[in-house]
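This report refers to the structure that appears directly beneath it.
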There are 2 protein chains.
Amino acid sequence: MTRQINDGSFWREFEKNDITHSAAHYLMAIDVLRDEYGYARVTDVAEMLEISRGAASMAIAQLKKRDWVTEDRNRFLLLTDDGRRMAKLVEHNFRILSQFFEEVLGVSKELALADACKMEHLMSLETGRRLVWLMRYILSDDKRSKEIQKAMSCFVPGCESVDYCPLCDSQEECMLTIDTCDVHGTKKRAMEN
Amino acid sequence: MTRQINDGSFWREFEKNDITHSAAHYLMAIDVLRDEYGYARVTDVAEMLEISRGAASMAIAQLKKRDWVTEDRNRFLLLTDDGRRMAKLVEHNFRILSQFFEEVLGVSKELALADACKMEHLMSLETGRRLVWLMRYILSDDKRSKEIQKAMSCFVPGCESVDYCPLCDSQEECMLTIDTCDVHGTKKRAMEN
DNA sequence: TTCCTTTGTTCAGCATAATAAACGAACGCA
DNA sequence: TGCGTTCGTTTATTATGCTGAACAAAGGAA
């Protein structure tokens with residue numbers, strides 16, 4: 001099996017993503033602030049995101065250039081239709097991913113939120129929608145939902161928990177048995193011993 | 001329902017991720033090159049990733065500082081145990097995600113690879129392992145697998161395809177019916193008309 | 001030995017995304 | 001009116017990650 005990683009400069013699509021992680025959070029902050037307080041100013045965004053007003057000012061200036069943010073009659077910040085769409089896309093991706101990680105995969109709430117927050121702005125609309133579709137299917141039937149929960153509940157995080165994985169038998173290394181347990185490098189590699 | 005996005009500076013964990021997207025691809029390039037040609041030099045990595053030798057030289061210097069990369073007796077690049085673990089983690093995340101998107105969600109191969117490549121270095125080891133576990137469960141039973149494929153095959157990407165979503169009834173907006181269809185801003189918003 | 005190529009490094013320049021500090025304008029009160 | 005605070009912006013600085021150009025060292029061919 002040929003490894004299909006690192007084909008040319010395909011990997012650099014990461015840089016050309018529609019929106020950066022920080023831009024997404026600026027948009028969402030404006031959205032949330034307007035929802036909760038009725039208005040959003042540079043200072044409010046800076047406070048909410050815990051960054052300096054200067055940084056917020058510059059970042060929001062870029063968002064205005066991109067036509068994602070404008071000002072209303074009172075000079076308060078306002079999302080454009082495009083800006084709202086981007087904010088909603090990322091918000092929904094976050095909700096979908098965190099719900100999927102927590103409720104289907106059984107990951108702890110904390111880790112589910114952390115993983116979802118990192119990936120939220122990178123999942124395409126189509127993939128996100130299909131993930132909702134899948135969760136709708138899984139969670140709509142109580143029996144099916146319970147079965148999956150049961151299957152996931154016997155999950156064992158250790159390397160040696162499984163000696164054969166039907167998913168990977170065509171590949172050189174199984175994704176479950178491969179030693180990626182101690183990525184942070186405290187333990188010795190298990191497979192060598 | 002309170003929105004749990006933008007709580008303080010939690011969103012900035014993105015910056016503190018163990019590994020950057022580019023660093024992950026440098027490590028994987030070295031891994032693949034050694035696998036396929038038996039050695040890896042700065043120039044080979046630069047060629048594979050389609051970046052300048054200068055950039056590769058500087059990036060790899062950083063990876064050496066982090067103790068992810070060293071040199072062998074012949075001064076060829078070599079992954080340390082930690083470097084190998086990081087490379088394997090990202091490679092496996094890529095495989096898991098792309099397989100999940102394509103085979104379970106039914107996303108096109110192209111989009112599955114693009115999404116997976118963007119998210120590969122951000123998914124935690126635990127979440128990745130649990131996703132393999134889920135896929136193992138789903139794909140191990142032919143009947144179950146077919147049922148999911150059937151459920152996913154009636155997926156309709158349009159906004160108006162669903163008028164009630166049992167997943168979202170406790171939330172203010174449904175993730176499926178919400179108008180995030182034309183994120184790239186060519187169409188007019190469907191819900192307003 | 002001389003010449004040319006390959007290889008790896010360094011440097012200047014650019015873009016992004018952040019901080020910290022300074023500053024002007026507007027607001028609010030006594 | 002004047003003082004102090006708030007607000008938004010600007011500037012200098014830092015760090016990352018890239019390009020392109022220059023350059024030194026090593027190797028191969030005549």
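This structure is a prediction, so every number in the text was calculated from the model and none was measured. First the proteins, then the strands, lettered A, B, ... as listed; each starts at 1.
Within residues 52-64 of chain A, the residues having any heavy atom closer than 4.0 Å to DNA chain D are, in order of number, A/Arg53, A/Gly54, A/Ser57, A/Met58.
A continuous path of ILVMFWY side-chain contacts below 4.5 Å connects B/Met152 to A/Ile138, so both sit in one hydrophobic cluster. Both B/Leu97 and A/Leu111 are part of a single hydrophobic cluster, where members link through side-chain heavy atoms under 4.5 Å apart.
One interatomic measurement links the two molecules: CD of A/Glu50 to C1' of C/dA18, which rounds to 15 Å at whole-angstrom precision. One atom, CZ of A/Phe76, and another, C1' of C/dA26, lie 13 Å apart when rounded to the nearest Å. Atom C1' of nucleotide C/dA18 and atom CZ of B/Arg12 are separated by 8 Å, given to the nearest angstrom. Between the CG atom of A/Asn17 and the P atom of C/dA15 there is a distance of 21 Å, rounded to whole Å. With rounding to whole Å, A/His121 atom NE2 is found 10 Å from C/dA17 atom P. If you take NE2 of A/His25 and P of C/dA18, they are 11 Å apart, rounded to a whole angstrom. Between B/Asp44 atom CG and C/dT7 atom P there is a gap of 7 Å when expressed in whole angstrom units. Here the C1' atom of nucleotide C/dT9 and the NZ atom of B/Lys65 are 14 Å apart, to the nearest Å.
Nucleotides of DNA chain D that come within less than 4.0 Å of any heavy atom of chain B span, from the 5' end to the 3' end, D/dG17 to D/dT19.
When the side-chain hydrogen bond (donor to acceptor under 3.5 Å, both in side chains) test is applied to A/Glu71, the partners found at least two apart in sequence or on another chain are A/Lys64, A/Arg75. Shown here are the salt bridge (Lys or Arg N to Asp or Glu O under 4.0 Å) partners of A/Asp72, two or more places apart in sequence or in another chain: A/Arg34. With sequence neighbours excluded, the residues that form a side-chain hydrogen bond (donor to acceptor under 3.5 Å, both in side chains) with B/Ser124 are A/Asp115, B/Thr127. Applying the salt bridge (Lys or Arg N to Asp or Glu O under 4.0 Å) rule to B/Lys16 yields the partners B/Glu13; only residues at least two apart in sequence or on another chain are considered.
Across every non-hydrogen atom of B/Val107 and A/Arg130, the tightest pair is CG2-CD, 3.4 Å.
Residue contacts shown for B/Arg75 are absent, as no nucleic acid heavy atom lies under 4.0 Å away.
Taking the six-membered ring for Trp and the full ring otherwise, A/Tyr37 and A/Phe76 have centroids separated by 6.0 Å or more.
If you find the closest nucleotide of DNA chain D to A/Glu15 and to A/Arg41, the one lying nearer the 5' end belongs to A/Arg41.
For the pair A/Leu79/A/Val69, a side-chain contact is recorded, criterion being any heavy-atom separation below 4.5 Å from C-beta on.
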